[in-house]
**Student:** 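Got a structure for you, questions after.
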Amino acid sequence: MDLNNLVPLPASFFDRPTLEVARDLLGRWLVHEHPSGVRLVGRIVETEAYRQDDPAFHGWRLVDPATGRVRPEGRAYDLFAPPGTAYVYLNYGMYWLLNVVTEPEGVGGAVLIRAVEPVAGLDFLKARRPKARRPHELTGGPGRLTVAFDIDGRYHRKPLTAPPLYFAAGEPVSDAEVATSPRIGLSRGTDRLWRFFVRANPYVSPGPRGERGRER
DNA sequence: TGTAGGATAGCCT
DNA sequence: GGCTATCCTACAA
């Protein structure tokens, strides 16, 4: 990959089954052309998939289980937006979480970006998170990476298929390097192995009780 | 190295 | 009024 010739992934990349997109996003680059002029690039090393047939999905109750019809109500309806749209929301009143909407428009799905490995803009990232000592404290964890990359609600519902915030091709990750586990921080849907991460990568978020990168 | 508790705000019941 | 796709600090061992 050439840092001087970054091409955004097109909407068609996200117009696929959510699990496929979550797996395929590993190794891709998250790029933020920051308003200050600094370009921030991170290699994605951890994702989670959320689907409309999933009790952990925000928009779960918007779908009528009998008819499959969707009620266009509330914030969660933005998860049914066109593929490649940003779904950014405030969690626990403090942290912005970055998702990219998947599946065709009208079908609910999104991938949560949980951790990246810095590729460019390291000084900027460190300045945003001055207390980070170990790698995963800098950009490992969905709340940490949005602080480091200065991503917040202003990107909600914006297309992630063009600057200033987008994904680039990066470098593929082989199946041998990929591990799965239950998603982190949920009370429902914990039986599904819909968290994808790069094995033994130091930037993968530790999760609760130091479960960093452990498969189950 | 590990666990416990608290901060904080929008959304839903 | 309860819950939440989190993180940080304090404190024990």
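Treat the numbers as computed from the prediction; the structure is a model and nothing was measured. Order of the sequence lines fixes the chain letters, A, B, ..., with proteins taken first and strands second; residue numbering starts at 1 for each chain.
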**Student:** Using a 4.0 Å heavy-atom cut-off across all strands, classify A:Arg188 as base, sugar-phosphate, or nothing.
**Tutor:** nothing
**Student:** Could you tell me which residues satisfy side chain to side chain contact (heavy atoms under 4.5 Å, CB included) with A:Arg144, sequence neighbours excluded, listed by chain and number?
**Tutor:** A:Arg129, A:His136, A:Pro206
**Student:** Between C:dG2 and B:dG6, how far apart are the P atoms? Round to whole Å, please.
**Tutor:** 16 Å
**Student:** With sugar-phosphate meaning primed atoms plus P, OP1 and OP2, does A:Tyr50 contact a base, only sugar-phosphate, or nothing at under 4.0 Å between heavy atoms?
**Tutor:** base
**Student:** Please list, chain by chain and in numerical order, all residues satisfying ring-ring contact (aromatic ring centres under 6.0 Å, His included) with A:Tyr155, sequence neighbours excluded.
**Tutor:** A:His32
**Student:** Here's a test of your reading of the structure: between A:Glu137 and A:Ser187, which maps to the more 5' nucleotide of DNA chain C?
**Tutor:** A:Ser187
**Student:** Tell me, please, which residues at least two apart from A:Tyr77 pass ring-ring contact (aromatic ring centres under 6.0 Å, His included).
**Tutor:** A:Phe80
**Student:** What residues, two or more places apart in sequence or in another chain, satisfy side chain to side chain contact (heavy atoms under 4.5 Å, CB included) together with A:Asp64?
**Tutor:** A:Ala66, A:Thr67
**Student:** In chain order, what residues pass the side chain to side chain contact (heavy atoms under 4.5 Å, CB included) check against A:Trp60, with sequence neighbours excluded?
**Tutor:** A:Pro55, A:Phe57
**Student:** For nucleotides 10-13 of chain B, print each protein N/O atom paired with a nucleotide N/O atom at under 3.5 Å, atom names and distance only.
**Tutor:**
residue, atom, partner, partner atom, Å
B:dT13, OP1, A:Arg61, NE, 3.1

**Student:** Starting from the 5' end of DNA chain C, give me the residue, A:Met94 or A:Lys131, whose nearest nucleotide shows up first.
**Tutor:** A:Met94
**Student:** Any side-chain donor-acceptor pair under 3.5 Å between A:Arg51 and A:Thr18?
**Tutor:** no
**Student:** Just jot down the salt bridge (Lys or Arg N to Asp or Glu O under 4.0 Å) partners of A:Glu73, sequence neighbours excluded, or say none.
**Tutor:** A:Arg71
**Student:** Indicate, with yes or no, if A:Leu30 and A:Phe13 share a hydrophobic cluster defined by side-chain heavy-atom contacts under 4.5 Å among Ile, Leu, Val, Met, Phe, Trp and Tyr.
**Tutor:** yes
**Student:** Scan A:Gly143 against the nucleic acid and name what it touches under 4.0 Å (heavy atoms): base, sugar-phosphate only, or nothing.
**Tutor:** sugar-phosphate
**Student:** Suppose we screen for side chain to side chain contact (heavy atoms under 4.5 Å, CB included). Which residues come up paired with A:His58, at least two apart in sequence or across chains?
**Tutor:** A:Arg75, A:Ala76, A:Leu79, A:Tyr87, A:Tyr89
**Student:** First and last nucleotide of DNA chain C touching chain A, 5' to 3', heavy-atom cut-off 4.0 Å?
**Tutor:** C:dT4 to C:dT9
**Student:** Please tabulate, for the side chains in residues 158-177 of chain A, all donor-acceptor contacts under 3.5 angstrom to protein atoms that are two or more places apart in sequence or on a different chain.
**Tutor:**
residue, atom, partner, partner atom, Å
A:Lys158, NZ, A:Arg154, O, 3.1
A:Tyr166, OH, A:Glu33, OE2, 3.0
A:Ser174, OG, A:Glu177, OE2, 3.2
A:Asp175, OD1, A:Arg23, NH2, 2.7
A:Glu177, OE2, A:Ser174, N, 3.2

**Student:** How would DNA chain B look in dot-bracket form, 5' to 3', counting Watson-Crick and G-U wobble pairs with both distances under 3.5 Å and writing | for bases paired to another strand?
**Tutor:** |||||||.||||.
**Student:** Does A:Asp24 have any salt bridge (Lys or Arg N to Asp or Glu O under 4.0 Å) partners at least two apart in sequence or in another chain, and if so, which?
**Tutor:** A:Arg16, A:Arg28
